[in-house]
Each structure stands twice: as structure tokens, then as C-alpha cells.
> 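Handing you a structure now.
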Number of protein chains: 2
Amino acid sequence: MSEDNWSPPAVLLAVDLVILTLRSSRLQVLLVERGVDPYRGALALPGGFLNNAAEDIEAAANRELREEADLDGTQLHLEQLRTYGAPERDPRGRIVSVAYLAIAPGLPEPVAGSDAAEASWRSADDALSGVIELAFDHRRILADGVERARAKLEHTALATAFCGSTFTISELQQVYEAVWGVALDPRNFYRKLQGVEGFIVPAGTDRRVTKGRPARLFRAGPRTVLHPPMVRPDTCENGGEHG
Amino acid sequence: MSEDNWSPPAVLLAVDLVILTLRSSRLQVLLVERGVDPYRGALALPGGFLNNAAEDIEAAANRELREEADLDGTQLHLEQLRTYGAPERDPRGRIVSVAYLAIAPGLPEPVAGSDAAEASWRSADDALSGVIELAFDHRRILADGVERARAKLEHTALATAFCGSTFTISELQQVYEAVWGVALDPRNFYRKLQGVEGFIVPAGTDRRVTKGRPARLFRAGPRTVLHPPMVRPDTCENGGEHG
DNA sequence: GCAATAGTGTCTATCAGACATTATTTA
DNA sequence: TAAATAATGTCTGATAGACACTATTGC
């Protein structure tokens with residue numbers, strides 16, 4: 001089965017980042033314009049190769065987050081998503097990419113002139129539907145990232161990662177509505193949220209003033225796993241309905 | 001930031017398999033005894049390097065499934081679990097491993113003399129608790145695999161992958177009980193299962209004869225996503241953690 | 001005052017959890 | 001007959017979904 005002088009093949013390892021945020025109540029993803037072939041000029045997920053053979057993969061993800069998006073990985077949610085390694089996924093050769101999912105609070109457009117000058121926030125829906133074309137298999141990676149975020153909103157407190165350190169309940173509702181792509185009843189949402197102990201905790205007596213009555217401010221609570229979960233409304237998916 | 005003659009470092013890519021099954025109503029995992037250094041003689045997850053630079057990663061997982069476990073990947077559930085790439089995880093050098101999770105129906109002990117002669121089913125609990133020591137970071141990989149299986153039982157039809165082509169409702173209940181490590185009420189379980197349309201469908205008029213009244217046989221239905229989900233009983237968990 | 005948003009209450013269908021009962025087999 | 005397991009039924013507390021109402025701001 002194995003020859004005497006067989007030795008395992010080496011591959012190039014890259015990381016790609018699905019960085020999601022909420023801007024103007026829409027789910028957006030950070031994309032960069034490629035400056036080199038292949039796919040020069042096309043949009044792609046931020047990412048790059050390991051710096052050296054000793055660099056940890058998650059450290060590489062944090063480094064790309066800083067270099068390409070000007071974001072601090074210690075301040076936002078970052079988790080490994082999945083590894084993509086089809087032999088033909090990159091025309092340059094055998095490149096295996098470990099994708100990471102990052103969730104950031106709403107941020108301004110990356111500043112021109114910075115390291116992240118080529119990066120810009122784009123509509124996640126446009127990228128998913130193909131209105132915006134992505135290089136390589138990045139559309140698939142994005143789809144997996146968005147689906148991961150959707151699923152984790154249900155049973156973890158991930159939604160707070162889309163918000164600043166303090167937020168109102170309606171801001172949190174906008175996160176759920178934008179990521180899930182559904183409309184939620186504010187009153188039921190309010191009641192449900194208050195019922196899950198430790199999900200959100202009051203943040204002092206400050207209020208957020210906009211147009212109507214000022215809203216109370218909260219911050220993320222100690223609970224990360226939601227019990228019972230938030231329920232995503234039936235979007236008549238999959239094999240059917242229910243009994 | 002990048003030197004002119006910089007080139008990305010290469011790494012060795014391996015796959016590791018978390019193969020779970022149910023034997024005697026216990027969750028078990030397939031482990032192999034290592035015949036070579038490092039960790040010679042210790043138990044480890046089945047796995048190995050890519051055969052060549054053109055081999056697809058999932059194909060490599062299927063190949064290892066066949067070579068090391070004598071299992072046919074097309075007949076059982078196989079999904080990518082996670083990638084492990086800490087620089088020091090393997091004393092031989094920089095080896096990045098893509099772990100896969102496989103779920104198999106209850107099977108006999110691998111036959112001595114076959115390619116899988118070194119493999120044997122072991123208690124998943126023993127391996128998780130440290131009673132059985134595993135090589136490398138394989139205990140962590142196993143823990144992630146078991147947790148993935150536990151979570152997926154809740155909102156997918158994965159449980160049927162632990163059973164043969166036909167099964168009884170109580171057999172399916174044993175899957176949930178063994179993987180979750182809880183006791184479930186047979187009557188509520190029965191009612192719940194029948195209520196989720198498309199999860200399981202009757203398989204003819206045959207019955208499974210054991211001791212008491214013969215049980216109806218079912219097979220997996222078309223539905224893969226459970227709506228509403230099966231609910232894992234409160235095991236007074238959480239305060240904070242995440243992966 | 002009006003418009004707008006925040007926050008609370010109430011009803012109801014559904015469902016999970018507890019537990020009783022009947023049915024069908026082997027020994 | 002008893003023992004064992006399968007299958008069905010009933011009650012109850014919790015809750016998701018629908019929707020009406022009150023509260024507090026800016027204009």
C-alpha cells in the first residue's frame with residue numbers, strides 16, 4: 001500500500017475571512033478588490049497565506065483581520081468556519097483554505113489610504129444571489145458563513161456581537177431581522193428576550209435617544225448558550241411543514 | 001509588508017476520522033493502535049496524509065474510512081468537522097489535520113486479518129474522560145465530534161444514521177439516550193417522533209421480534225431538518241463557553 | 001395637539017412533561 | 001398465568017404567536 005520512499009504531499013495553506021456586520025439594518029460583508037491575478041479586479045473575501053510555517057492558523061486569521069480589514073480580532077467574535085480544499089478551487093495550484101467567520105458591530109467604511117483601502121462593505125444578499133460576483137469559491141464560503149450565523153442566532157447569544165457594547169432591544173431585533181431575513185413582532189421579541197435570563201443585562205440608567213420614547217440600554221449578559229433557543233419563524237423550508 | 005521573493009510556506013495535510021456508532025446501547029468510537037512513532041502503541045483516531053497533491057480532502061477521508069475502518073463512505077454519514085492546525089500539535093512538524101465526523105450503524109468488531117485489524121470500537125465516554133488516552137490532540141477532536149453529533153440530533157435527522165436501513169422507534173430512542181446521555185420518556189418520545197412529519201416513515205408491515213410485543217419498523221424519511229427540533233432535556237448547564 | 005418609538009398586558013393554540021392504560025407477544 | 005415491551009390517551013403548565021393598549025419622548 002505504501003512505497004518505501006513515499007512521502008506525503010505538501011499544500012499551501014490560506015485563510016479566508018467572512019466578516020459580517022450590520023449597516024443601515026442590512027447584513028453586509030467585507031469584500032476586497034483583488035489587485036493581482038487570478039481574478040484581478042474581482043471582489044473576494046479578505047484572506048491570505050500563512051506567513052511562515054510556524055504561524056498558527058487562527059493567528060493568521062487575526063493578522064489578516066488587522067491587515068486587510070483594519071479590525072482587532074480580540075474585540076470581535078471570530079470562529080473557524082470550515083476548510084475548503086477541492087483540488088481545482090484555485091488555478092495557481094493546490095491551495096487549501098481555512099475559512100473563519102467574524103462578526104463585527106456596525107462600522108464605518110474602511111478609510112481610504114489605510115491598509116484596508118481596498119476593502120468595502122457590500123450587501124450580503126447581493127453577494128449571495130450573484131448580483132455581486134466573487135472570486136474562487138468565495139460565494140460558497142460566504143453562504144456557509146451566513147448560514148452559520150443564522151443558525152447560531154437561534155441558540156447562542158451571537159446576536160450581541162453585531163452590536164456595540166451597549167444596545168437597545170430594538171437594535172438587537174434588527175440584527176435578528178436582518179440576518180434571518182424575516183420580520184419579528186417587537187412585543188413578542190421583547191417578552192422573549194427578557195425571559196431568557198442572562199442573555200442581556202441592563203446597562204445603567206442611560207437611554208438611547210432617537211425619535212420617539214428613549215430606549216433602555218443593555219449589554220451582553222454572561223449567557224452564551226440560549227436555553228430555550230430563539231425560534232426562527234417558519235420560512236417553509238426543507239422537506240415540508242409540520243403537524 | 002511583503003518581500004519581493006517571499007513565498008508562502010507549505011504544510012503537510014492529514015485527515016482524521018471521528019467514527020461514531022452505537023453498540024450495546026453505548027456510544028462508541030473507532031480507534032486504532034499506532035504502529036509507528038510518535039505515540040507508538042497508543043490509541044488514536046483513524047487517519048492519514050493525503051495520498052498525493054491532487055487528492056480531494058473528502059476523498060482522502062473516504063479512503064481512510066475504507067483502509068483503516070473497512071467502511072464504505074457512500075453508505076454512511078460523513079461530514080467535515082473542523083481543522084486542527086496548532087503549530088505544535090504534531091512533533092514531526094507542521095501537520096494540519098482536517099477532521100471528519102462519520103456516523104455508522106451498529107457494526108461488529110473489525111475482523112482480525114483485514115486492513116482494519118488494528119481498529120477496535122471503544123467507549124466514547126472512556127476516551128472523553130481520559131480513562132483511555134489518545135495520541136496528539138485527538139481527545140479534543142473527539143470531544144468536538146461528539147458535541148457536533150449531540151447538537152445535530154436536535155435539529156436534523158442524523159439519529160437515523162446510527163441505525164440500519166430499518167429500525168424501531170425504541171431503537172431510535174436508544175440513539176438519543178446514548179448520545180445525549182439522558183433518559184427519555186418512551187411515550188413522549190413516541191408521540192413527538194410521530195408528530196414530526198417526514199422524519200421517519202413506516203417500512204412495510206414487518207415487525208421486529210424481541211421479547212415483548214413486536215415493534216413496527218420504520219425507515220428514514222425525506223426530511224433532514226427537524227421542524228420543530230427535538231429538545232434535549234435540561235442538564236442544568238451553561239454559564240458561559242463556546243468553541 | 002400629533003407622530004413616533006418604547007414598553008406592558010391578554011388571549012389562545014400548541015406542545016413538552018408527567019403519568020395511566022391498553023395491546024400483543026414470549027416464556 | 002406472568003413478564004416484557006409496544007402503542008395510545010389524558011391532563012397540565014409553559015410558551016409562541018397574534019394583537020390592544022399605555023408610556024414617554026420630539027415636533
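These numbers were taken from a predicted model, which means no experiment stands behind them. The chains referred to below are lettered A, B, ... by the order of the sequence lines, with proteins before strands, and numbering in each begins at 1.
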> D:dG17 P sits how many Å from A:Gln173 CD, rounded?
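Atom CD in A:Gln173 sits about 13 Å away from atom P in D:dG17.
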> Are B:Phe167 and B:Phe218, when compared by the centres of their aromatic rings, separated by less than 6.0 Å?
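Ring centres of B:Phe218 and B:Phe167 not closer than 6.0 Å.
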> Consider the side chain of B:Ser170, meaning its heavy atoms from C-beta on, and name the nucleotide among D:dA6, C:dT8, C:dA20 that approaches it most closely.
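Nearest listed nucleotide: D:dA6.
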> Just the rounded figure in Å: distance from P of C:dA6 to CZ of A:Phe189.
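That distance rounds to 12 Å.
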> To the nearest angstrom, how far is A:Leu172 atom CG from C:dG7 atom P?
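Rounded to the whole Å, the gap is 13 Å.
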> Could you check how far CD of B:Gln194 sits from P of D:dT8, rounded to whole Å?
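Whole-Å distance recorded here is 6 Å.
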> From CZ of A:Arg213 over to P of C:dA6, roughly how many Å is that when rounded to an integer?
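Taking CZ of A:Arg213 and P of C:dA6, I get 10 Å after rounding.
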> Select from B:Thr168 and A:Val231 the residue whose nearest nucleotide in DNA chain D is closer to the 5' end of that strand.
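It is B:Thr168 whose nearest nucleotide is closer to the 5' end.
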> Which one, C:dT25, C:dA16, D:dC19, comes nearest to the side chain of B:Arg191?
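The listed nucleotide nearest to B:Arg191's side chain is C:dA16.
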> Nearest-Å distance, CG (A:Asn188) to C1' (C:dG7)?
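Nearest whole value for this atom pair: 13 Å.
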> How far apart are the C-alpha atoms of A:Thr21 and A:Gln28, what are their side-chain angles, what is the distance that settles it, and do they pass the side-chain hydrogen bond (donor to acceptor under 3.5 Å, both in side chains) test?
CA-CA 5 Å; A:Thr21 196; A:Gln28 307 214 320; over 6 Å; no
> Evaluate whether atom CZ of A:Arg26 has more than 12 neighbouring non-hydrogen atoms of other residues, nucleotides or ligands under 6.0 angstrom away.
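Count not over threshold, so no.
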> Which part of the nucleic acid, if any, lies within contact of A:Arg216, taking any heavy atom under 4.0 Å across all strands shown: a base, the sugar-phosphate backbone alone, or nothing?
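Sugar-phosphate contact only.
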> The side chain of A:Lys211 is closest to which nucleotide in this list: C:dT5, D:dA16, D:dT5?
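The closest nucleotide is C:dT5.
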> How many Å lie between CD1 on A:Ile200 and C1' on C:dG7, as a whole number?
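From A:Ile200 CD1 to C:dG7 C1': 13 Å.
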> Once you round it to whole Å, what is the distance between P of D:dA18 and CG of A:Leu184?
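Distance, rounded to whole Å: 10 Å.
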> B:Thr74 vs B:Asp72, test: side-chain hydrogen bond (donor to acceptor under 3.5 Å, both in side chains). Steps then yes/no.
CA-CA 6 Å; B:Thr74 65; B:Asp72 180 1; 2.9 Å; yes
